[in-house]
Q: 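Below is a structure I'd like to ask you about.
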Amino acid sequence: MDETNDTARIDDALARAVRGERLTPEDALYLLEEADLLALGAAAHAVRMRLHGTGADGVPVVTYIVDRNVNYSNVCDSYCKFCSFYAAPGSRNGYVLSRAALAKKIEETKALGGGQILMQGGTHPEWDVAWYAELLSFCKSFGIHVHALSSPEIHKIAEVSGLSLRDTIVHLRDAGLDSIPGGGAEVLTDYARGEISPQKCTTDEWLAVHREAHALGMRTTATMMLGHRERLVDRIEHLDRIRDVQDEALAAARGEDAGFTAFICWLFQPTHVLKNDEPRGGSEYLRTLAVSRLYLQNVRNFQSSWVTMGPKVGQMALWFGCNDMGSTMIEENVVSSAGVQYRMLSSEIHSVIRAAGFRPQERNFYYEPVQARFLDSPERLAEIAGQDPKNLALPAESFDQVPASVATRR
Amino acid sequence: MSRERILRDTVTAAGLGDLWDRASRGARLPRADLERVIACANPLAAAALADAAREQRSGVVVTHPWTLRVRAPGVPFAAEDGTRVSHAADALAGIPATEAQIVGAPPADLALGLAVEMVRTVKVARPDLTLRAFSSTCIQALADTAGASLAAVLGELRQAGLDTLDWEPGDGLDEHAAALHRSAHEQGFETTAPLGYRKDGLDGAFLDRLDAARDVAEDTGRFLAALPLPVCTEGAGPLTGSAGTEDALACALTALALGHAVKRIAVDAHVVGHKLGAVLLSCGADDFVGAQAAAAWAPPTSDGPRPLNPDRVRRYVIEARRSPALRDGLHRACEASSGA
């Protein structure tokens, strides 16, 4: 095919996507491989503007949430090749947060204006649904939104407990689980998972958790971690599987908003046995993000992954299809364990959004606007949190922790 | 390559449609047009114009040096983060590179004789490499300390073997710096035009600097590249550092103002950050500074950022759908040399 025909094919696919028509997997792969980065950005931004428009002042709104990533434990028997965070069961490096530490984190999050915790750990070979129900119930008792337990964790809990996925999710929901994060997806093809996380749940198993949750009326998020051993075709297959599950959720909801609230993709940070892989750059991230926005038009919200890409590329992402800046990340442990350490105060996330040309709006998990408790300095944050600024946003290891072996016996 | 229709539509929707053909021809855009690019507040539209100009200028090629960073003796050297690699001046043999750069923080009262000795030392150790050193601020300080003219200082450094001048984050081409570069060009140097800006600083003052650079470039023809340089580097907090969208706009404005008069529009990955630097290759830039030479790369670890090696730079260029090409410090195509 000559150059003119190449461009015509790209023009046609982008125009269809901007109009809201569905891209085929072949279209998406072609765009991912061949389209100009800026052309993809322009089309993705057009889709974002069609879905979200502007605020009353004519300025497009970018939302964000004040929350905290809490990793209740790092014990995991999935042994993913890319992960710097996990400790094998029985390892001296394993921990599980004590209730006191958990309470402190949640109270601190609330004091900082947060209304949600994103809580994930690993796949533990012994902890059953009762253990997790107690954990969730404890967290929920603080009156916050509990966005917790990725698909692999829930799949493992069901397996350990000898329950169906549905019954497991019902137990967890009744104990306090409000929504399920999209963690552990990496790339949802068996080829890609076989390369980097062969012992974690399969693609079908990951999707099954979200299907069951959606069927129960729960909302979840979808993610993709790209830039490791996957092929471009794997990224498209991933998007296609997510789109199918979302179609099912929306069909069942009969016009109501349902299923995945948002899609978030980010770049893998090479570590451990994949340490010789070279990290990818901002172009690769923005290219995939834009194609994802064009392909997944049934998922309403797209988050910018400033945590892995840094605020600067995070700002560019707002012009490549994203309408949300994600979380302020009062605490984050998993990505930072791979050597990437970005955090923002509420005032900083406001500044970042405004500087990129948008109007910031704090939201809750459901993307409903909430009144921002705008915090304009570390000192003000510390005052609200009632502690010294240097003690804010502490990593997990700074808190009182219980050895995982003790927690297992509890 | 023909351009995607949506890019023209984006530029037109931003009110800049009349600039498309001129930008695509690589024509010089007057200041009034650059003011419109700033006013449209659409980084995609600005980048699309600049990228069309870039394509006309350099096609698919992105050049990049492979820099051997040298700690000169007698110059204070602060500890650097894990993304930087540098070598003592007596340990440069056998390291593949295409240029050398003297790094460190020369004191404001550095003696000219010591600066000349630094240059000679590095050139003796690696005569195969072009040498980049001393920002315009350093050159001015050397002249002030020595009580000598800029021309005299630049002449001595050139005679000692210095090939081109260095830059620092935020370096701008104000009146003094423009005169300094003009003087350097008269002494036979080719230099890079530094175009500093601060957060919220892409305004008339930035356009003044572009005007100054354009005047020098058109008069002397000896600017190798133009390099937008935010005051605050990637590590700066969001409240003080420039936005990624501002960096994209600065790159685009630089390309549209100076693309006709310099060989390349450069990005310095150590200033804007590695990941954003790769994105700026789609915003008018066609030169990527940042690849470092190392005697041996430390094994990658999971506890910190990694140095930017040439393989990663090549990957970034390929991810931008361009072809990487090595260059030396004077922007001449070359192969890496180990100095053997």
Side-chain angles (χ1 to χ4, degrees), chain A residues 3-4 6-8 10-11 14-15 18 34-43 45-46 84 267 269-272 275-287 308-320 337-341 344-345 347-349 351-352 354-357, chain B residues 1-7 9-11 13 41-45 47-48 51 82 199-200 230 234 236-248 269 272-283 299-306 309 311-321:
Chain A
E3 196 173 90
T4 304
D6 286 348
T7 306
I10 292 168
D11 279 343
L14 293 178
V18 168
E34 301 293 338
D36 179 274
L37 177 66
L38 296 173
L40 290 172
H45 188 63
S84 310
L267 281 183
Q269 309 296 322
T271 53
H272 282 253
K275 64 189 179 185
N276 290 321
D277 287 20
E278 284 296 340
R280 309 297 173 92
S283 298
E284 187 75 0
Y285 166 67
L286 292 177
R287 172 175 292 278
T308 54
M309 302 307 299
K312 284 173 181 274
V313 176
Q315 288 167 313
M316 289 299 291
L318 300 179
W319 289 87
F320 282 75
S337 74
V340 176
Q341 297 181 344
M344 277 197 269
L345 306 175
S347 52
E348 289 176 322
I349 212 164
S351 174
V352 160
R354 283 191 193 285
Chain B
M1 190 174 88
S2 53
R3 307 292 295 187
E4 283 80 354
R5 188 190 314 142
I6 196 165
L7 289 177
D9 293 346
T10 298
V11 169
N42 183 327
L44 287 176
D51 201 51
K199 177 177 166 62
D200 302 326
E234 164 72 354
L239 296 178
T240 53
S242 55
T245 44
E246 284 179 287
D247 297 328
V272 296
H274 302 183
K275 290 169 181 167
L276 183 71
V279 175
L280 298 183
L281 295 177
S282 294
C283 302
T301 65
S302 61
D303 59 0
R306 299 197 247 182
N309 64 40
D311 285 344
R312 180 137 48 116
V313 168
R314 281 192 284 272
R315 176 190 280 279
Y316 286 169
V317 172
I318 291 165
E319 284 175 6
R321 307 300 190 259

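Residue numbers begin at 1 in each chain, while the letters A, B, ... track the order of the sequences.
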Q: I need the residue from B:Leu281, B:Val279, B:Asp247, B:Asp200 with the largest number of non-hydrogen atom pairs under 4.5 Å to chain A.
A: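 Of the options given, most contacts go to B:Val279.
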
Q: Between A:Lys312 (side chain) and B:Lys275 (backbone), is there a donor-acceptor pair under 3.5 Å?
A: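 A pair under 3.5 Å: no.
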
Q: Looking at CG of A:Leu40 and CD of B:Glu4, how far apart are the two atoms once the value is rounded to the nearest 0.5 Å?
A: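 The CG atom of A:Leu40 sits 7.5 Å away from the CD atom of B:Glu4.
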
Q: Nearest 0.5 Å, what's the CZ-OG distance between A:Arg287 and B:Ser282?
A: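 With rounding to 0.5 Å, CZ (A:Arg287) is 7.5 Å from OG (B:Ser282).
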
Q: Relative to chain A, which of B:Asn42, B:Leu280, B:Thr10 shows the most heavy atom pairs under 4.5 Å?
A: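 Result: the option with the highest number of such pairs is B:Asn42.
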
Q: Pick one of side chain, backbone, both or neither for A:Tyr285, based on which atoms fall under 4.5 Å of a heavy atom in chain B.
A: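 Neither; nothing under 4.5 Å.
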
Q: Any idea which heavy atoms bring B:Ala278 and A:Gly282 closest together, and the distance?
A: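 Heavy atoms only, the tightest pair is CB-N, 4.0 Å.
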
Q: With a 4.5 angstrom heavy-atom cut-off, is it the side chain or the backbone of B:Ala47 that approaches chain A, or both, or neither?
A: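 For B:Ala47, backbone and side chain are both near chain A.
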
Q: Before you tell me yes or no, could you show the steps for B:Asp51 and A:Leu37 under side-chain contact (heavy atoms from CB on, under 4.5 Å), namely the whole-Å CA-CA distance, both residues' side-chain angles and the distance that decides it to 0.1 Å?
A: CA-CA 10 Å; B:Asp51 201 51; A:Leu37 177 66; over 6 Å; no

Q: Walk me through it: do A:Ser351 and B:Lys199 pass the test side-chain contact (heavy atoms from CB on, under 4.5 Å)?
A: CA-CA 11 Å; A:Ser351 174; B:Lys199 177 177 166 62; 3.5 Å; yes

Q: Side chain of B:Glu319, backbone of A:Arg280: donor and acceptor closer than 3.5 Å?
A: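 Side chain of B:Glu319 to backbone of A:Arg280: no pair is present.
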
Q: At a 4.5 Å cut-off on heavy atoms, which part of B:Arg321 comes close to chain A: side chain, backbone, both, or neither?
A: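 For B:Arg321, side-chain heavy atoms alone lie under 4.5 Å from chain A.
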
Q: Considering all heavy atoms of both residues, which atom of B:Ala41 and which atom of A:Trp319 are nearest to each other, and what is their separation?
A: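 That closest heavy-atom pairing would be O-CH2, 3.7 Å.
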
Q: My understanding is that only one of A:Val18, A:Ile10, A:Leu38 makes a side chain to side chain contact (heavy atoms under 4.5 Å, CB included) with B:Ile6; could you say which?
A: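 Among A:Val18, A:Ile10, A:Leu38, the one meeting side chain to side chain contact (heavy atoms under 4.5 Å, CB included) with B:Ile6 is A:Val18.
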
Q: If you tally heavy-atom pairs under 4.5 Å against chain B, which of A:Ala39, A:Gly357, A:Ala355 wins?
A: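 The option with the most such pairs is A:Ala39.
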
